[in-house]
Amino acid sequence: MSDFKERIAAELTAARDRSTAYTDAEDDLLVTQHSPLMSPLVWDLAHVGNYEELWVLRQVGGITPLRPEIDELYDAFKHPRADRPSLPILGPVEARRYIEGVRGRVLDVLDTVDLHDPDPLRRQGFVFGLVIQHEHQHDETMLATLQLSGRPGLVRDGDLPPGGSGRAPGADEVFVPAGPFMMGTDTHPWAYDNERPAHRLDLPGYWIDRLPVGNRAYADFIEDGGYDDPRWWAPDGLRWLRRTRAFAPLFWTRDGDTWWRTRFGRTEPVPMDEPVQHVCWYEADAYARWAGRRLPTEAEWEKACGWDAEAGRSRTYPWGDDTPGPGTANLGHRAARPAPLGAFPAGASPCGAEQMIGDVWEWTGSWFLPHPGFHSFPYREYSEVFFGSQYRVLRGGSWASDPAVVRTTFRNWDRPARRQIFSGFRCARSASPEQSPVSAKHSTERPAERSSGRPAERG
């Protein structure tokens, strides 16, 4: 087997090891629906195997279907998550047996397939990248389900580097100069259709937060009456706020002067030096308005993340093209939480923004829309059916995302009310034409410096 095929086999194994770890639990946990927003864990487990069977075994290997009678049960577009517990899905033992049988045959196909075949599914192992990324995405979904279950002892934790300290005054934002950049990709072999094609965009100059918004800054927003003041909320967000009666990020509670959070079944004080997570788009947008900022557009986010103006190209990751490592990003469930702010200076982007990859998915101000020249491949239901004004774009991956899934061009999307996902944000503001970077940086009014009750101006 070639080195590339060995790498694919290792990636397949890594994804399956995660799926196995997250479903190594009592059957009642696996078959229970812990939220109508999520599937039972056992549905996700069999679904990743069925997806592999459909694309690798049938489409590429030409193998006779193993379990054609279950295809409809695991079609995510025919059955909403809320309805899946009522389906006659495979039980835990049968689901494990099924996915093991599929995987053995997938490795047989990998042994014999020509990765230089011009067929787009075979070329450069695209179909294997498809199923690897798909399984890792469901692994992250499983983690969100395990968080919602509230049961302790199911998810491992780990160590993370300390946060940054001694930051210079005025270093809370970085400036991205006006000019063109290339958005999207034509070269990454496993990029999804919605990341393609690469196309030139010309953006005016803007400021973007060097780091994601942290828990301390978000607590300031709450303390200043952010959830009680309708000025900061878009109309849809205000309706969401009144309907849900939200008062803080999901899983936060308050006891006296202390904020607490529940994380995988255990309650702990909210670490004020971490990026805020489990906030929906409406909350992120309201905070940005309160702070006199806005959410960055998707294009602004991508340019700040990966555009190397000196080299005239986009990087695969903010720091370059080297695979993510322990010194550059918090990915792959290294620990079951975001890293402290400033923990990865070596992972900074060309403009100086940090922690754009890993830790928390970052909401942007953009709707999920196709790039110019978009072509659906290999099926419409991955991207095309979601385009429009119902889903907001998130970027960057989270601590629960595997490195195989994230890159500067990767696009995620969700409904603006969703906050069970590992989502956070950073803010941006436009630069006035007459404003120089130096004068703008030092004139910035930070949220904690605002006097209570005064409206903030949009940048």
Side-chain angles (χ1 to χ4, degrees), residues 1-25 27 29-31 39-76 84 87-115 117 119-143 145-146 156 189-190 192 332-333 378-379 382 400-405:
M1 184 183 288
S2 69
D3 290 345
F4 187 38
K5 286 188 175 182
E6 289 178 356
R7 176 192 153 200
I8 290 173
E11 293 280 8
L12 286 164
T13 299
R16 185 53 46 84
D17 287 347
R18 292 187 74 191
S19 301
T20 301
Y22 300 152
T23 55
D24 183 17
D27 286 0
L29 179 83
L30 304 185
V31 301
S39 309
L41 289 166
V42 73
W43 186 94
D44 287 288
L45 184 64
H47 170 74
V48 296
N50 186 246
Y51 192 88
E52 271 192 53
E53 182 184 351
L54 290 171
W55 287 103
V56 179
L57 300 189
R58 300 186 199 176
Q59 294 290 329
V60 172
I63 294 174
T64 302
L66 303 181
R67 298 287 300 269
E69 76 281 3
I70 69 172
D71 289 351
E72 184 178 350
L73 300 177
Y74 295 100
D75 187 329
R84 291 171 190 170
L87 301 173
I89 58 178
L90 303 182
V93 172
E94 197 174 5
R96 293 187 184 103
R97 185 182 303 120
Y98 169 63
I99 66 171
E100 288 171 7
V102 170
R103 174 54 59 83
R105 291 168 175 83
V106 164
L107 293 175
D108 291 341
V109 172
L110 177 62
D111 276 338
T112 59
V113 71
D114 180 4
L115 301 183
D117 191 312
D119 174 75
L121 282 176
R122 293 174 173 82
R123 187 173 61 242
Q124 295 184 282
F126 177 86
V127 73
F128 297 101
L130 184 71
V131 301
I132 288 165
Q133 292 178 99
H134 175 263
E135 184 157 358
H136 278 305
Q137 288 166 337
H138 275 272
D139 290 337
E140 184 163 352
T141 299
M142 289 181 191
L143 278 169
T145 302
L146 289 167
R156 66 169 176 82
W190 290 358
Y192 284 107
H333 190 174
Y379 58 104
Y382 183 76
S401 304
D402 189 82
V405 174

Exercise. Applying side-chain contact (heavy atoms from CB on, under 4.5 Å), run through L30 and L45 and close with a yes or a no.
Key: CA-CA 9 Å; L30 304 185; L45 184 64; 5.8 Å; no
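- Ring geometry for H134 versus Y51: interplanar angle under 30°, hence parallel rather than tilted (30 to 60°).
- Contact detail for L130 and P378: the closest heavy-atom pair is CD2-CG, 4.0 Å.
- For G61 against V109, the heavy-atom pair with the smallest separation is CA-CG2, 4.1 Å.
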Quiz item: Do N50 and R67 pass the side-chain contact (heavy atoms from CB on, under 4.5 Å) test, and can you show the C-alpha distance, the side-chain angles, and the key distance before you say yes or no?
Solution: CA-CA 8 Å; N50 186 246; R67 298 287 300 269; 6.0 Å; no
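- Contact check for Y22 versus T145: no side-chain heavy atoms found under the 4.5 Å cut-off.
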Quiz item: Could you go step by step and tell me if Y98 and E53 meet the side-chain hydrogen bond (donor to acceptor under 3.5 Å, both in side chains) rule?
Solution: CA-CA 10 Å; Y98 169 63; E53 182 184 351; 2.5 Å; yes
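- Nearest heavy-atom pair, L73 versus W43, reported as atom, atom and distance to 0.1 Å: O-NE1, 3.0 Å.
- Residue-environment remark: CZ (R105) stays at or below the threshold of 12 foreign heavy atoms within 6.0 Å.
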Quiz item: Going through the distances and angles, do R84 and I89 end up as a side-chain contact (heavy atoms from CB on, under 4.5 Å)?
Solution: CA-CA 8 Å; R84 291 171 190 170; I89 58 178; 5.7 Å; no
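- L41 contributes atom CG, which lies 10.5 Å from atom OG of S19 (distance to the nearest 0.5 angstrom).
- Atom CG of D75 is separated from atom CD1 of I70 by 12.0 Å, given to the nearest 0.5 angstrom.
- Between the side chain of Q133 and the backbone N or O of Y192, no donor-acceptor pair lies under 3.5 Å.
- In summary, E94 and R96 do not engage in a salt bridge, as defined by a charged side-chain N under 4.0 Å from a carboxylate O.
- The distance from the OG1 atom of T20 to the CD1 atom of I99 is 5.5 Å, given to the nearest 0.5 Å.
- Using a 4.5 Å heavy-atom threshold, the side chains of D402 and R18 count as touching.
- No donor-acceptor pair under 3.5 Å is formed between the side chain of R103 and the backbone N or O of E52.
- No side-chain heavy atom of P40 sits less than 4.5 Å from a side-chain heavy atom of V31.
- Contact of the R58 side chain with the D71 side chain is registered, since non-hydrogen atoms from C-beta on lie closer than 4.5 Å.
- Nearest heavy-atom pair across D117 and D119 is OD1-N, 2.8 Å.
- Distance check: T112 OG1 to K5 NZ gives 6.5 Å after rounding to the nearest 0.5 Å.
- Pairing each heavy atom of L66 with each of P68, the nearest pair is C-CD, 3.6 Å.
- Across H136, E140, Q137, a single residue satisfies side chain to side chain donor-acceptor pair (under 3.5 Å) together with S401, and that is E140.
- Below 30°, between 30° and 60°, or above 60°: for Y382 and Y379 the angle between ring planes is above 60°, a perpendicular geometry.
- For the residue pair E135 and A15, the shortest heavy atom distance occurs at OE2-O, 3.4 Å.
- Of the inter-residue distances, the one linking D139 atom CG with R16 atom CZ reads 9.0 Å to the nearest 0.5 angstrom.
- Note that CG of L110 is 5.5 Å distant from CD1 of I8, once rounded to the nearest 0.5 Å.
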Exercise. Dump the intermediate steps for side-chain contact (heavy atoms from CB on, under 4.5 Å) on F4 and F128, then the final yes or no.
Key: CA-CA 11 Å; F4 187 38; F128 297 101; over 6 Å; no
